[in-house]
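Values reported hereafter were calculated over all heavy atoms of this structure, with side chains retained and with hydrogens, waters and symmetry mates removed. Quick note on labels: first sequence line is chain A, next is B, and so on, each numbered from 1. Here the structure is a predicted model, which is why all the values come from computation and not from measurement.
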2 protein chains.
Amino acid sequence: MNDEICRNISLTSLRRLPSYLRYLKTQRDNGIDYLSSIIIAQAMELSPMVVKKDLSIAIKVEGKPKLGYHVDSLIKDIEMFLGYDNKKDAVLVGVGSLGKALLSYEGFKNYGLNIIVGFDKEVNEPAILDKKILSIDKFSNLTKRMNIHIGIITTNKEAAQEIANMMVEAGIKAIWNWAPVKLSVPEDIVVKNEDLAASLAVLSNSLSDHQIGGSI
Amino acid sequence: MNDEICRNISLTSLRRLPSYLRYLKTQRDNGIDYLSSIIIAQAMELSPMVVKKDLSIAIKVEGKPKLGYHVDSLIKDIEMFLGYDNKKDAVLVGVGSLGKALLSYEGFKNYGLNIIVGFDKEVNEPAILDKKILSIDKFSNLTKRMNIHIGIITTNKEAAQEIANMMVEAGIKAIWNWAPVKLSVPEDIVVKNEDLAASLAVLSNSLSDHQIGGSI
DNA sequence: ATTTACTTGTGAAATTATTGACAAGTGTTA
DNA sequence: TAACACTTGTCAATAATTTCACAAGTAAAT
């Protein structure tokens, strides 16, 4: 599709990059300077070839024969590729239990995501930790003014589509959807569905008679 | 790998089944009796071939030419395949923000999962909604006694491995891991990692220059 | 300084998954 | 009752992904 400079990174490779990153950081903190694909593969329970392939596609840094990859450079490269270097601001709509959890989840800042503020129809609390909760009326105005392009939907399924429409209107380009519905959006808008039911299906299936092959 | 009676259902197919289920249920509630693969595919934004393939693998019910699939039978079959028919009990460890969210998430019961109780090192609240919170000391005893086989880990990453060990010792067979670490477990134990970072990577990547092709 | 052993990176092969084509069969209509 | 239109289900073809094999190159050892 887009065959210019950018290499063709597969979805499966892309999903593995964050776990490489986690592993590399722990090793760096242990004082390790170089890591080979073989060592990384062992730790991640993958084949070395998968690791080499993933890194060769996503990364510019070249590994040194006999030594492996320079850990620091590798981390920087992966972070740059994933866009973790420039913090991305996001807004969240639906401050129920799930919304609160995401608002208070500390881990996102490690991944370059910064949830600025939460919105809801009725504001019961002024803030979750340091994140303010605002009325949904203020969504469009604030989002446009702050030039935010990522929206997180943690409403119930009934409200989700309406919120999505509002987000699109307000200039949101990527939606992380936690509501169990299929959203209809213009095709230039990216939607990533976090489908808890699908995850459960995989787990549940593993416990029944007809397992799928391989690991999950 | 396991080429006996059980058909080889792919991971991608398996993940789509819950969304079929959601769609089918809404249509059933609208009074629809039969649905063809073409209609389903349109609603899910898939090709009819994918739908037919998925259903033919997972389902015993045969579609009727000219009519399509009998919605009620299809729902029953998918639910049976996914194991939603017999409710599965689970326990959760780590009652932080994420743990609370999962404990209070109403949606799981639709998918056959029933989180019985939450455990934590220190019990600050006696319960979340109707779910009791207990001290981790009582984990092994209660889990064994109630014969529970699914464990959910929502602790921080430091505690996760230790909790996983404890779960295995207590007879847990499937672990839904929300902590950002790779767990080491015996190979007969199923681990499903819910990697928020990986999800974010996909979303984040879509906003940058080097997009992957296709939809997410 | 030279050899050795080991690791990267690339292009090709094998495996797996997705998509397409078509025969078989059923409800509908005339 | 017979012809038609439409949908399923399977087999074949295409596309994608994973795995293999090997040349090239470098740190370490001699």
Rounded to the nearest Å, what distance is computed from the [atom1] atom of residue [X] to the [atom2] atom of nucleotide [N]?
| X | N | atom1 | atom2 | answer |
| --- | --- | --- | --- | --- |
| K64(A) | dA5(C) | NZ | C1' | 18 Å |
| K52(B) | dA24(C) | NZ | C1' | 12 Å |
| H70(B) | dG27(C) | NE2 | C1' | 16 Å |
| L11(B) | dT17(D) | CG | C1' | 14 Å |
| I59(B) | dT10(D) | CD1 | P | 14 Å |
| D54(B) | dT18(C) | CG | P | 8 Å |
| I57(B) | dC11(D) | CD1 | P | 13 Å |
| K53(A) | dA16(D) | NZ | P | 15 Å |

For residues [X] and [Y], report the shortest heavy-atom separation together with the two atoms involved.
| X | Y | answer |
| --- | --- | --- |
| A90(A) | L113(A) | CB-CD1, 3.9 Å |
| I153(B) | A160(B) | CD1-O, 3.9 Å |
| A197(A) | P18(B) | O-CG, 3.7 Å |

Do [X] and [Y] come within less than 4.5 Å of each other through their side chains, counting heavy atoms only?
| X | Y | answer |
| --- | --- | --- |
| Q161(A) | M166(A) | no |
| W178(B) | N193(B) | no |
| L21(B) | I75(B) | yes |

Query raised in the report: So L14(A) and L82(A), side-chain contact (heavy atoms from CB on, under 4.5 Å) or not? Walk me through it.
Result: CA-CA 9 Å; L14(A) 184 57; L82(A) 291 175; 3.8 Å; yes
Query raised in the report: Considering the terminal five base pairs at each end of the helix from dA1(C)-dT30(D) to dA30(C)-dT1(D), what angle separates the two local helix axes, rounded to 10°?
Result: 10°
**Report entry** Check: F108(A) ring centre within less than 6.0 Å of W176(A) ring centre
**Finding:** yes
Report summary line: Closest to the 5' end of DNA chain D, once G68(B) and R16(A) are matched to their nearest nucleotides, is G68(B)
Report task. Please figure out whether S13(A) or K66(B) has its closest DNA chain D nucleotide nearer the 5' end. Result -> K66(B)
**Report entry** Nucleic acid contacts - residues 31-50 of chain A versus DNA chain C, non-hydrogen atoms under 4.0 Å
**Finding:** S36(A), S37(A), I38(A), M49(A)
**Report entry** Sorted by number, the residues of residues 18-30 of chain B with heavy-atom contact under 4.0 Å to DNA chain D
**Finding:** none
Query raised in the report: According to the interplanar angle, ranging from 0 to 90°, do the rings of F119(B) and F139(B) count as parallel (below 30°), tilted (30 to 60°) or perpendicular (above 60°)?
Result: perpendicular
Query raised in the report: Side chain of T154(A), backbone of G94(A): donor and acceptor closer than 3.5 Å?
Result: yes
Query raised in the report: Taking the side chain of T12(B) as heavy atoms from C-beta outward, which of dA27(D), dG27(C), dA17(C) is closest to it?
Result: dA17(C)
Report task. Return the nearest nucleotide to the side chain of Y69(B); candidates are dT17(D), dT18(C), dG9(D). Result -> dG9(D)
Query - K87(A) NZ: over 12 foreign heavy atoms closer than 6.0 Å - result: yes
Query - K64(A) atom NZ, over 12 foreign heavy atoms within 6.0 Å - result: no
